[in-house]
Structure formats: C-alpha cells, structure tokens
Amino acid sequence: MKTVYPKKHLGQHFLIDNNIAERICNSLSEENKNIIEIGPGKGILTKFMLPKEINFKAIDIDKESIEYLQEQYPEYKDRFILGDFLKMDLNEMFGLGSPVSESESETDIPSLQFQLLGNFPYNISSQILFKVLDYKDNIDCVVGMFQKEVAQRIISPPGNKSYGILSVLIQAWYDCEYLFTVNEGSFFPAPKVKSGVIRLKRNSNTDLGVDEKLFKNVVKTAFNQRRKTLHNSLKPFRFTEETEIMQKRPEQLSYLEFVEITKKVIV
C-alpha cells in the first residue's frame with residue numbers, strides 16, 4: 001500500500017482532524033454539484049466528497065498523492081488529476097474552453113459554475129486567489145483553509161491594517177465570510193501558525209464599470225506605498241479631477257471608492 005509523506009517544498013501540512021474536515025466540506029453550497037478540490041494530499045476532505053452525487057475532481061501537483069488516492073479509491077480513479085492548479089485550464093476539466101478573453105463574446109464559451117475546495121498550501125494561497133479572480137464568472141463559491149493572517153486579510157473591511165490588495169480585489173467580486181479557526185495540532189506536521197477557514201460567495205457584480213486591468217493597476221499601485229496618501233502614491237496616473245478621496249490612505253477605501261478613482265484616470 002502506497003503512502004504519502006508531507007513535502008516541505010510543496011508547503012504540505014496534512015489536516016488530520018476528521019471533524020474539521022467534514023465541517024469544511026459541509027460549508028460548500030449544496031446547489032452547485034461541480035466541485036474541484038485543490039491539493040487533496042492524503043484525502044481527508046476527499047473522502048467526504050466522493051460518496052456525494054456530484055461532479056467532483058481533485059487536483060494535486062504531488063504524484064505520490066495522486067497515486068495514493070487512486071489506490072485507495074480505485075472506483076474513482078478518474079477523479080484524481082495530476083497537475084499544477086495554477087497552470088491548468090479549469091473549464092477543460094468539465095469539457096469547456098478557457099475563460100472569456102477580451103476578443104471573445106460571452107456567448108462563444110458556455111458558462112459553467114463550479115466550486116473550489118481545499119486546505120490550500122500557504123506558499124501559493126495568494127496565487128490561488130488571483131486565479132479565482134481569473135475565473136470569477138465560473139467560480140461561484142470557494143471554501144478554503146489559509147494561514148489565519150491571510151484569511152483575515154481577505155475578509156478584512158477597510159480601515160484595518162490587514163486590509164490590502166487581495167481584500168479589495170476579492171471583495172469586488174465575492175462576499176467574504178470567516179468561518180472558523182483551526183489550531184496547529186490539527187495538522188501533520190504541525191505548522192507554526194494557526195489557520196483560518198473562509199468562504200467566498202460570488203456577489204451580483206457583473207461589471208465594475210471600469211477597465212478591470214486598470215482597476216487592478218490602480219489598487220496595486222496605491223498599496224505599494226500604503227503609508228502615503230493616494231495623492232502621492234498614485235502620481236504615475238493622471239486624473240480628470242482630484243477629489244477629497246485622494247487625501248486618504250489606501251486602506252481607508254472600499255473597493256467601490258477605488259472604482260470611482262479608476263473612473264477618473266485619464267487613459
């Protein structure tokens with residue numbers, strides 16, 4: 001029988017608490033039956049998902065993990081996919097094409113809704129969320145475990161020190177909810193920090209009314225010098241007018257206020 005050993009270079013900390021695993025799985029939406037798990041490891045979340053009547057896939061970059069799960073669950077062998085989540089076309093997993101590009105109309109590619117689940121490796125958790133944003137028209141729910149500080153940053157409202165780039169970009173498209181904290185002893189090997197489970201649910205926004213790339217650029221530029229006022233940090237841009245908002249610091253602004261600033265950028 002194969003086994004799986006946690007690998008430091010992959011940032012693996014295997015969850016070993018079944019109660020927490022079941023609680024995470026039960027936090028998904030019951031309406032959407034298309035679910036992708038990222039980094040199943042030894043399958044503590046997977047085993048709660050496989051018996052459900054859903055379209056379930058699990059992706060892992062660790063060949064040892066995939067081989068272990070295929071041996072453990074031979075009747076579900078085709079559900080386990082070896083690959084790098086950050087480089088994969090998620091729609092292809094369900095027989096569809098890539099995300100809609102600027103040159104394609106929304107009718108060119110079918111719209112499929114799916115959910116993401118996972119005990120996300122700390123070292124790529126931010127990259128996973130940026131990929132979620134790339135697929136925001138397809139991913140309607142994310143339930144994931146992050147380092148607690150990262151989880152708090154994502155759901156943080158304006159005005160907090162933890163509020164940052166990810167907070168603004170994610171909250172523009174998702175309603176964010178902190179579900180619960182997981183202690184170090186629930187993992188093997190035990191991490192040096194606590195973890196937090198959050199749920200992201202797609203909000204009703206379909207268009208922010210501004211160019212999305214410009215919006216991201218404005219947000220990132222502002223937070224690159226977060227101690228400065230926007231008047232100083234956004235000097236690379238030219239504006240049709242400068243409002244009182246420009247005297248604030250970036251962590252004081254909601255995503256809607258960043259949208260308003262973006263509207264005033266001279267392209």
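Computed over heavy atoms, backbone and side chain alike; hydrogens, waters and symmetry mates excluded.
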Working to the nearest 0.5 angstrom, can you tell me the gap between [X] [atom1] and [Y] [atom2]?
X      : Y      : atom1 : atom2 : value
Thr221 : Phe237 : OG1   : CZ    : 4.0 Å
Leu28  : Lys33  : CG    : NZ    : 10.5 Å
Phe80  : Tyr73  : CZ    : OH    : 7.0 Å
Ser233 : Lys228 : OG    : NZ    : 8.0 Å
Ile59  : Ser65  : CD1   : OG    : 12.0 Å
Leu82  : Ile66  : CG    : CD1   : 6.0 Å

Side chain to side chain, [X] and [Y], heavy atoms closer than 4.5 Å:
X      : Y      : result
Leu90  : Phe85  : yes
Val218 : Phe215 : no
Arg23  : Val197 : no
Gln113 : Arg202 : no
Tyr68  : Asp60  : no
Lys136 : Glu212 : yes
Ile261 : Leu253 : yes
Val265 : Val210 : no

| Do Leu166 and Leu86 belong together in a cluster built from hydrophobic side chains that touch within less than 4.5 Å? |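 Same cluster.
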| said: Applying a strict under-4.5 Å side-chain criterion to I, L, V, M, F, W and Y, I'd like to know whether Val193 and Met145 cluster together. | reply: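 In one cluster with Val193: Met145, no.
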Least distance between heavy atoms, [X] atom then [Y] atom:
X      : Y      : answer
Ile154 : Leu200 : CG2-CD2, 4.1 Å
Ser186 : Leu15  : O-CD1, 3.3 Å
Phe239 : Leu234 : CE1-O, 3.8 Å
Glu184 : Ala190 : O-CB, 3.5 Å
Phe14  : Pro6   : CE1-N, 3.6 Å
Lys201 : Cys141 : CG-SG, 4.4 Å

| Verdict with reasoning, Val219 to Tyr255, per side-chain contact (heavy atoms from CB on, under 4.5 Å) | CA-CA 9 Å; Val219 172; Tyr255 82 85; over 6 Å; no
| query | Who pairs with Lys263 by salt bridge (Lys or Arg N to Asp or Glu O under 4.0 Å), at least two apart in sequence or on another chain? | reply | Glu260
| request: Name all pairs fulfilling the salt bridge (Lys or Arg N to Asp or Glu O under 4.0 Å) condition that reach into residues 235-248, sequence neighbours left out, sorted by first residue then second. | output: Glu241-Lys264, Lys248-Glu257
| field | Flag, side chain of Asn217 to backbone of Lys213, donor-acceptor distance under 3.5 Å | value | no
| message | Would the distance check show the side chain of Asn203 and the main-chain N or O of Asn205 forming a donor-acceptor pair, the cut-off being under 3.5 Å? | response |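 Yes; at least one donor-acceptor contact below 3.5 Å.
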Applying side-chain contact (heavy atoms from CB on, under 4.5 Å), can you list everything that pairs with [X], at least two apart in sequence or on another chain?
X      : value
Arg249 : Glu251, Gln252
Glu31  : Ser29
Lys87  : Asp84

Which pairs would a plain distance check flag for residues 38-51, meaning a side-chain donor or acceptor within less than 3.5 Å of a matching protein atom at least two apart in sequence or in another chain?
residue, atom, partner, partner atom, Å
Thr46, OG1, Glu37, OE1, 2.7
Lys47, NZ, Asn18, OD1, 2.6

| query | For residues Asn55 and Asn34, is any side-chain donor paired with an opposing acceptor at under 3.5 Å? | reply |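 Looking only at side-chain atoms, Asn34 and Asn55 do form a donor-acceptor pair, the distance falling under 3.5 Å.
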| task | Check whether the side chains of Gln12 and Asp62 place a donor and an acceptor atom closer than 3.5 Å, and report yes or no. | result |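 Looking only at side-chain atoms, Asp62 and Gln12 do form a donor-acceptor pair, the distance falling under 3.5 Å.
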| query | So does Lys7 have more than 12 non-hydrogen atoms from other groups sitting under 6.0 Å from NZ? | reply |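 Result for NZ/Lys7: enclosed.
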Taking ILVMFWY side chains as joined if any heavy atoms are under 4.5 angstrom apart, and letting links pass through other members, which residues group with [X]?
X     : result
Ile61 : Leu10
Tyr5  : none
Ile16 : Phe188

| message | Considering only residues two or more places apart or on different chains, which pairs with a residue in residues 158-185 satisfy ring-ring contact (aromatic ring centres under 6.0 Å, His included)? | response | none
| query | For residues 119-131, which residue pairs qualify under side chain to side chain donor-acceptor pair (under 3.5 Å), counting only residues two or more places apart or in two chains? | reply | Tyr122-Ser195
| note | So the side chain to side chain donor-acceptor pair (under 3.5 Å) pairs with at least one residue in residues 139-154 (sequence neighbours excluded) are Asn32-Asp140
| For the residue pair Phe146 and Phe120, does the interplanar ring angle fall in the parallel (under 30°), tilted (30 to 60°) or perpendicular (over 60°) class? | perpendicular
| request: May I have the step-by-step check of side-chain contact (heavy atoms from CB on, under 4.5 Å) for Tyr135 and Leu116, ending in yes or no? | output: CA-CA 11 Å; Tyr135 283 83; Leu116 286 188; over 6 Å; no
